[in-house]
Amino acid sequence: MRIATWNVNSLNARLPRVEEWIDYARPDVLCMQETKLADAAFPSMAFSALGYEVASHGDGRWNGVAIASRVGLEDVARGFEGPADDQGARLVAATCGGVRVHSVYVPNGREVPGEHYDAKLAWYDELLAYLERTSKPTDKVAVCGDFNVAPDDRDVWDPAAMVGSTHVTGPERDRLRALEEWGLVDAFRLCYAQDQLFSWWDYRAGNFHKHMGLRIDLVMVSRPLAEGVTYAVIDRNARKGKQPSDHAPVLVDIDI
DNA sequence: ATGGTTGCGAAGCAA
């Protein structure tokens, strides 16, 4: 199974790039974030034309997540049905080809300290509680998306410049580790150990061309899937050219 | 140097 995740930063603005990317990457499952579309406005026909079923969870202007699958799409669940849903439409789950897939858009956190930062940590806690009650680590589980945390300093363009900033603080990284302790594995790190491999670059100040980025888009998989990971890549080409998202898609191949 | 750019939506906010 080829599973991918991409923060598209508005599916309406990005649809031509997403269609182009699907056409050459041919993922079996594509998790998207920041669709910025209400479910009623989701371009389902565009995905249908490419052979994909879609499940979306969006309330319009901000946030919004979706899963596109060409290997089946069953038992769709939207949100936590809990307090963290107040932070927007940021979670959708579905069973695709025998894998319980989650597309997540973790809150940014903004300032440290701050109420949005605290809410981000609470969102992580609710994600862990959700996984604990809906899946088992011995199941085939994938949690894919924009985690808005760089797992360690290899994932940061200049760790010294970012000390104390959101995306790199201890409490945020502890939340990622708690997901790992539950049983998830950062699939990209099964394939690459080196630093300076990023998935997001600020639009501003030519950061992409200056290699000033972060790796915050992750495919986290349970051990039964981790054992089958054969390949991973961050497709930097999708960050180039006309009207790119500020994130690149992350793709993982898994023998199931 | 608290800069710079994009998306949404029509001014300012979020990222």
Side-chain angles (χ1 to χ4, degrees), chain A residues 5-21 31-43 46 56-66 79 84-91 103-124 127 144-151 155-169 171-173 175-176 198-218 234-250:
Chain A
T5 186
W6 195 3
N7 180 324
V8 297
N9 187 15
S10 170
L11 186 54
N12 192 43
R14 213 67 58 212
L15 187 58
R17 295 294 303 255
V18 172
E19 291 174 313
E20 173 193 40
W21 191 78
C31 295
M32 289 168 278
Q33 302 84 38
E34 281 205 87
T35 56
K36 300 186 180 180
L37 288 174
D39 292 339
F42 197 90
S56 75
H57 180 41
D59 44 28
R61 191 169 173 189
W62 286 305
N63 312 308
V65 286
D85 289 336
D86 292 347
Q87 297 189 59
R90 297 175 176 275
L91 166 68
S103 180
V104 301
Y105 176 44
V106 178
N108 176 284
R110 305 190 197 177
E111 303 300 320
V112 185
E115 61 177 309
H116 290 96
Y117 174 76
D118 292 339
K120 176 183 192 174
L121 300 180
W123 199 94
Y124 263 108
L127 175 62
C144 314
D146 178 355
F147 285 76
N148 268 319
V149 175
D155 305 309
V156 181
W157 68 275
D158 184 354
M162 285 205 63
V163 171
S165 301
T166 185
H167 295 66
V168 303
T169 66
E172 292 168 280
R173 286 175 165 171
R175 293 324 192 268
L176 271 188
F198 307 132
S199 67
W200 169 84
W201 302 259
D202 199 306
Y203 279 127
R204 297 171 286 189
N207 279 9
F208 177 69
H209 300 286
K210 292 188 253 182
H211 306 289
M212 295 164 63
L214 301 173
R215 190 176 70 93
I216 54 177
D217 299 275
L218 310 176
I234 300 171
D235 185 6
R236 292 180 78 261
N237 286 323
R239 181 61 176 76
K240 304 174 183 175
K242 186 180 176 186
Q243 288 191 297
S245 171
D246 46 352
H247 295 252
V250 182

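This structure is a prediction, so every number in the text was calculated from the model and none was measured. In what follows, chains are A, B, ... by sequence order, proteins preceding strands, each numbered from 1.
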Whole-Å distance, Glu111(A) CD to dC13(B) P, equals 14 Å

message = Work out how far the C1' atom of dA15(B) is from that of dG3(B), and round it to whole angstrom.
response = 16 Å

In whole angstroms, the gap separating C1' of dA15(B) from CG of Asn63(A) amounts to 11 Å

Considering only heavy side-chain atoms of Ala205(A), the closest of dG4(B), dG7(B), dG12(B) is dG4(B)

When rounded to whole Å, the CZ to C1' distance for the pair Arg204(A) and dG7(B) reads 13 Å

request  = Measure from NZ or CZ of Arg90(A) to the centre of the six-membered ring of Tyr105(A), then state whether that distance is under 6.0 Å and the direction lies within 45° of the axis.
outcome  = yes

Contacts of Leu11(A) and Asp246(A) projected onto DNA chain B by closest heavy atom; the upstream (5') one is Leu11(A)

When the P atoms of dA14(B) and dA10(B) are compared, how many Å lie between them, rounded to an integer? 15 Å

Would you say dT6(B) has OP1 or OP2 under 4.0 Å from some side-chain N or O of Ser10(A)? no

Atom NZ of Lys240(A) and atom P of dT5(B) are separated, to the nearest Å, by 21 Å

Asn108(A) CG to dA14(B) P, in whole Å, measures 11 Å

* Does a side chain donor of either Glu34(A) or Asn7(A) reach within less than 3.5 Å of an acceptor in the other side chain? -> yes

- Message: For the C1' atoms, the ones on dA11(B) and on dT6(B), what distance do you get once it is rounded to whole angstrom?
- Response: 16 Å

DNA chain B nearest-nucleotide lookup for Pro244(A) and Trp200(A): closer to the 5′ end is Pro244(A)

**Prompt:** Distance-only, no hydrogens or angles: does the Arg14(A) side chain make a donor-acceptor pair with backbone N or O of Val8(A) under 3.5 Å?
**Reply:** yes

Taken to the nearest whole Å, CD/Glu34(A) to C1'/dA15(B) is 7 Å

| message | Taking only side-chain N and O atoms of Arg14(A), does any of them lie within less than 4.0 angstrom of OP1 or OP2 on dG7(B)? | response | yes

Whole-Å distance, Asp146(A) CG to dA15(B) P, equals 10 Å

Exercise for the section: Mind checking Phe208(A) for me? I need base, sugar-phosphate or nothing, with any heavy atom below 4.0 Å counting as a touch. Expected result: nothing

**Asked** Going by an N to O cut-off under 4.0 Å, is there a salt bridge joining Glu20(A) and Arg17(A)?
**Response** yes

Side-chain contact check for Arg61(A): nearest option of dA15(B), dG12(B), dG7(B) is dG12(B)

note: Asp202(A), atom CG; dG3(B), atom C1'; distance rounded to Å ~ 11 Å

May I ask you to decide if the ring planes of Phe208(A) and Trp201(A) are parallel, tilted or perpendicular, using 30° and 60° as cut-offs?
perpendicular

- prompt: Mind checking the P distance from dT5(B) to dG9(B)? Whole angstroms is fine.
  reply: 22 Å

